[in-house]
Amino acid sequence: LLSLAESDLPAPVEDLDLVLPDELALDLVDSPGLDENFEWDLTTTAGRPELVVDNSPTPTAVPALRVVVLAASLGGPAAVKRFLQVLPPGLPAVFVLAQHIDPGFLPVLARALETASPYQVVMVDGSHTLEAGQLILVPVASRLNFAAGRLITTSPAHWTPPYAPCINDVMADVARVYGPEALAIVFSGMGDDCALGTRAMTEHGAETWAQDGESCANSSMPDSARATGLVTYTGTPEELAGHCVSLLGTTSAATAVNH
């Protein structure tokens with residue numbers, strides 16, 4: 001498990017206001033990177049959007065742990081930030097973020113997400129046990145493997161090209177191991193690295209949701225998921241968060257499950 005010590009991170013960014021330069025909006029196949037609209041104001045909570053709670057019927061029983069894949073590419077970091085900021089702590093879920101990104105900026109993303117959300121950000125190196133309240137960042141240079149009993153490990157095996165990490169691989173692996181307790185949410189991104197994963201989720205009894213096109217910086221990826229005809233819910237990042245809360249149950253129910 002990698003710590004997020006200062007020595008592991010690039011040079012400090014003044015006031016933790018991360019505004020990544022335009023040149024980081026790189027081609028996702030040749031050299032994946034963060035997009036130029038990825039801006040984080042970590043010094044204030046003013047102006048944060050309110051949680052949009054979905055009033056759809058909730059399951060009669062709250063599962064012990066949900067494994068939720070967050071799939072993102074170009075424009076994804078800002079959308080994932082909006083989603084995480086309005087989620088309450090204590091949900092019976094672990095989030096697994098598969099983001100197309102240059103490996104050198106993964107620690108920057110980890111630092112920003114940990115500051116902007118109530119979830120513990122984990123960068124796995126070796127083995128790790130999934131726990132509720134964690135946000136797992138999928139590595140770029142090594143493959144993340146999922147096993148029964150919530151154990152995850154890294155290996156030198158390659159992701160399916162041309163993407164690294166390959167979101168299709170992550171979604172298919174999570175669906176295969178966790179079945180109906182898995183969930184995938186596809187956020188803004190370019191390309192179709194999620195279409196095969198959406199089919200795999202459905203085949204194993206799990207749902208896939210997608211960000212609506214109007215709120216995306218680039219809607220190609222969520223559109224490709226919807227084109228399969230298998231996406232069961234579409235909404236803004238805030239609406240997706242509200243629907244997630246409705247599915248997972250209240251924070252009090254989550255606390256009961258985790259103890």
Side-chain angles (χ1 to χ4, degrees), residues 1-10 16 18 32 34 38 40 42 63-73 76-77 79-157 159 164-167 169-178 181-185 187 197 241 244 248 251 254-255 257-259:
L1 178 65
L2 296 181
S3 69
L4 296 180
E6 293 295 334
S7 60
D8 297 327
L9 298 170
L16 291 182
L18 303 183
L34 291 172
F38 177 33
W40 298 84
L42 307 179
L65 183 71
R66 286 272 188 166
V67 180
V68 183
V69 177
L70 307 179
S73 185
V80 170
K81 170 199 167 187
R82 289 171 56 185
F83 172 82
L84 291 173
Q85 277 187 320
V86 295
L87 283 181
L91 294 175
V94 56
F95 296 93
V96 178
L97 174 58
Q99 166 73 51
H100 292 157
I101 189 173
D102 186 281
F105 288 95
L106 199 61
V108 178
L109 179 61
R111 178 69 172 271
L113 289 172
E114 188 162 63
T115 307
S117 78
Y119 294 91
Q120 176 194 6
V121 177
V122 178
M123 298 174 64
V124 180
D125 182 20
S127 63
H128 177 73
T129 300
L130 298 176
E131 299 290 346
Q134 294 177 340
L135 173 62
I136 308 297
L137 291 192
V138 176
V140 177
S142 58
R143 180 93 177 228
L144 192 61
N145 305 296
F146 298 85
R150 303 183 184 178
L151 179 69
I152 57 175
T153 60
T154 55
S155 71
W159 296 105
C166 176
I167 294 171
D169 289 347
V170 175
M171 291 173 69
D173 290 349
V174 168
R176 174 180 51 81
V177 174
Y178 301 105
E181 291 189 357
L183 171 67
I185 306 176
F187 291 95
C244 196
L248 297 175
T251 55
T255 301
V257 169
N258 291 329
H259 285 75

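All of these numbers come straight from a predicted model, not from anything done at the bench.
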Rounded at 0.5 Å granularity, tell me how far CD in Gln99 sits from CZ in Phe105. 13.0 Å
Measuring from atom CD of Glu114 to atom CG of Leu109, what distance do you get when rounded to the nearest 0.5 angstrom? 11.5 Å
Hey, could you give me the SG/CZ distance between Cys244 and Phe83, rounded to the nearest 0.5 Å? 4.5 Å
Val96 versus Val67: any side-chain heavy-atom pair under 4.5 Å? yes
Worked check of side-chain contact (heavy atoms from CB on, under 4.5 Å) between Val121 and Phe95: CA-CA 9 Å; Val121 177; Phe95 296 93; over 6 Å; no
Closest non-hydrogen contact found for Ala182 with Arg66 is O-NH1, 3.8 Å
Test of understanding: with side-chain hydrogen bond (donor to acceptor under 3.5 Å, both in side chains), list the residues that count as partners of Gln134, not counting sequence neighbours. His128
Pairs of donor and acceptor atoms involving the side chains of residues 145-153, under 3.5 Å and at least two apart or interchain, shall be tabulated with distances.
from	atom 1	to	atom 2	distance (Å)
Asn145	ND2	Ser155	OG	3.0

Partner of Leu144 under side-chain contact (heavy atoms from CB on, under 4.5 Å), chosen from Asp169, Ile136, Leu137: Ile136
Can you see which heavy atom on Ala157 is nearest to which on Arg143, and at what distance? O-CB, 3.2 Å
Applying side-chain contact (heavy atoms from CB on, under 4.5 Å) to Gln120 and Leu135, what does each step give before you reach the verdict? CA-CA 6 Å; Gln120 176 194 6; Leu135 173 62; over 6 Å; no
Quick one: closest heavy-atom pair of Pro139 and Trp159, and the distance? O-NE1, 3.4 Å
If you compare all heavy atoms of Ala164 against all heavy atoms of Val140, which two are closest, and at what distance to 0.1 Å? O-CG1, 3.6 Å
For the student: nearest non-hydrogen atoms of Pro103 and Pro107, plus distance: O-CD, 3.7 Å
How long is the span from the CD1 atom in Ile167 to the OG atom in Ser73, to the nearest 0.5 Å? 6.0 Å
Answer whether the closest heavy-atom distance between the side chains of Ile185 and Val69 falls below 4.5 Å. no
Can you list the steps and then say if Leu97 with Val138 is a side-chain contact (heavy atoms from CB on, under 4.5 Å)? CA-CA 6 Å; Leu97 174 58; Val138 176; 5.9 Å; no
Do Arg111 and Val108 pass the side-chain contact (heavy atoms from CB on, under 4.5 Å) test, and can you show the C-alpha distance, the side-chain angles, and the key distance before you say yes or no? CA-CA 5 Å; Arg111 178 69 172 271; Val108 178; 5.9 Å; no
Smallest separation among heavy atoms of Leu87 and Pro118, with atom names: O-CG, 3.7 Å
Would you say the side chain of Tyr119 lies within less than 4.5 Å of the side chain of Leu113, judging by non-hydrogen atoms? no
Between SG of Cys166 and NE2 of His100, what distance do you get to the nearest 0.5 Å? 7.0 Å
Measure the spacing between CG of Leu65 and CD of Glu181 and express it to the nearest 0.5 Å. 7.0 Å
